[in-house]
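Below you'll find the structure, written out as structure tokens, and then a few comments.
The shown structure was predicted, so the numbers you read here are calculated from the model rather than taken from an experiment. No hydrogens, no waters, no symmetry mates; every other heavy atom, side chains included, goes into these values.
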Amino acid sequence: MITNMNDSYKELLVKKERGIQGTVMRIVCVVPTVLLALLTLSGNLIVFIAVVALGVFDYFVFQWTDVEFEYLYLDKEITVDKVMAKTRRKRAAVLDVNKIEMMAPHNSGQLAYYKNRQVKTTDLSAGQDLPDQKLYMVYYEGNQCFLLNLDDDFAKTVKAVAPRKVYME
């Protein structure tokens, strides 16, 4: 952590769990491609074109099922980038810490008041607690909720800026 007067810098990389659905999707895509590739040995041009098309489709499926999130905290702002297959990066969210209503672990009693709210929830997490990271719910600007996996160090950095909004229990 680099600390200047009011500036802090922290980054964290979180690998999204592929889960059963992602694994099944990969298998369902690869098996027909391999079987058709074996049929190309017969020299059929249409089958070869189908194999190439399925190969391109498989490439995109592998991109969509290999996702990481990179959290970056800098100067009262949390930036979340979605990294697909370690090759493509897309900005997923930018959170101004001053606009956060509450940030707490998903199983915290502090969230009881917020649980019954109708909010749009955006999952930018691994989907569960990890050995060194907790799943946090971030209620933002009254109508949004973000799920993030944060380690204690990252959460403490945000808590230092907004101590009444961040709970780490």
Side-chain angles (χ1 to χ4, degrees), residues 1-29 59-169:
M1 180 168 111
I2 301 169
T3 305
N4 297 335
M5 297 294 260
N6 289 329
D7 299 334
S8 295
Y9 174 81
K10 186 66 70 185
E11 65 180 22
L12 180 65
L13 191 65
V14 176
K15 176 98 170 133
K16 185 168 180 75
E17 297 289 323
R18 186 177 309 133
I20 294 172
Q21 182 182 6
T23 304
V24 168
M25 190 188 295
R26 283 181 168 201
I27 291 170
V28 167
C29 290
Y59 170 78
F60 286 111
V61 167
F62 274 71
Q63 294 274 319
W64 297 328
T65 57
D66 184 16
V67 177
E68 295 176 331
F69 293 103
E70 182 182 62
Y71 307 141
L72 177 69
Y73 175 82
L74 179 64
D75 195 26
K76 297 184 182 182
E77 195 171 79
I78 301 171
T79 305
V80 182
D81 289 341
K82 183 177 182 179
V83 182
M84 293 173 280
K86 296 181 176 95
T87 58
R88 292 185 11 210
R89 175 181 299 268
K90 181 180 178 186
R91 178 73 30 100
V94 177
L95 307 174
D96 182 355
V97 173
N98 295 325
K99 295 180 182 178
I100 291 176
E101 291 182 32
M102 176 173 284
M103 183 172 107
H106 74 287
N107 55 3
S108 172
Q110 299 292 335
L111 294 171
Y113 172 74
Y114 292 90
K115 292 281 185 182
N116 294 328
R117 275 192 179 180
Q118 298 295 323
V119 294
K120 177 185 173 196
T121 302
T122 305
D123 188 358
L124 304 172
S125 70
Q128 63 187 4
D129 283 340
L130 298 175
D132 59 340
Q133 299 168 349
K134 292 180 188 172
L135 181 61
Y136 277 80
M137 296 185 81
V138 180
Y139 284 90
Y140 190 74
E141 288 190 318
N143 61 352
Q144 291 180 299
C145 178
F146 294 93
L147 297 175
L148 307 174
N149 276 90
L150 304 177
D151 61 7
D152 287 340
D153 199 30
F154 198 99
K156 284 178 186 175
T157 302
V158 178
K159 185 175 177 76
V161 174
R164 294 186 179 159
K165 297 178 180 182
V166 179
Y167 296 90
M168 296 178 59
E169 59 181 56

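In this structure, Asp129 contributes its side chain and Leu135 its backbone to a donor-acceptor pair below 3.5 Å. Using modelled atom types, no side-chain atom of Asn149 and backbone atom of Val14 make a donor-acceptor pair closer than 3.5 Å. Looking at Lys165, its side chain does come within 3.5 Å of a backbone N or O of Ile100 through a donor-acceptor pair.
No more than 12 heavy atoms of other residues, nucleotides or ligands sit less than 6.0 Å from atom NZ of Lys82.
Once rounded to the nearest 0.5 Å, the distance linking CG of Leu111 with OH of Tyr167 reads 9.5 Å. Atom CG of Leu147 is separated from atom CG of Asp123 by 5.0 Å, given to the nearest 0.5 angstrom. Put simply, NZ on Lys159 and CE on Met103 are 9.0 Å apart, with the number rounded to the nearest 0.5 Å. Taken from CZ in Phe146 to CD1 in Ile78, the straight-line distance is 10.0 Å, to the nearest 0.5 Å. Considering CD of Glu17 and OG of Ser125, their distance stands at 9.5 Å, rounded to 0.5 Å. Taken to the nearest 0.5 Å, the NZ atom of Lys10 stands 12.5 Å off from the CG atom of Leu74.
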May I have the list of side-chain donor-acceptor pairs in residues 91-99 shorter than 3.5 Å, sequence neighbours left out?
| from | atom 1 | to | atom 2 | distance (Å) |
| --- | --- | --- | --- | --- |
| Arg91 | NE | Asp81 | OD1 | 2.7 |
| Asp96 | OD1 | Asn98 | N | 3.1 |

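Every residue two or more places apart in sequence or in another chain was checked for a ring pair (Phe, Tyr, Trp, His ring centres under 6.0 Å) with Phe69, and none qualifies. In this view, Glu11 and Tyr9, Glu70, Leu72 satisfy the side-chain contact (heavy atoms from CB on, under 4.5 Å) rule, not counting sequence neighbours. When the side-chain contact (heavy atoms from CB on, under 4.5 Å) test is applied to Ile20, the partners found at least two apart in sequence or on another chain are Val24. Legend: residues meeting side-chain hydrogen bond (donor to acceptor under 3.5 Å, both in side chains) with Asp66, ordered by chain and number and at least two apart, are Lys15.
Applying the side chain to side chain donor-acceptor pair (under 3.5 Å) test to pairs two or more places apart or on separate chains, those with a residue in residues 101-117 are Glu101-Arg117, Ser108-Glu169.
For the pair Val119 and Gln144, the minimum side-chain heavy-atom distance is 4.5 Å or more. Between Met168 and Tyr136, some side-chain heavy-atom pair lies under the 4.5 Å cut-off. The side-chain heavy atoms of Leu12 and Tyr73, taken from C-beta on, include no pair separated by under 4.5 Å. Looking at heavy atoms from C-beta onward, Lys86 lies in side-chain contact with Glu68 at the 4.5 angstrom threshold.
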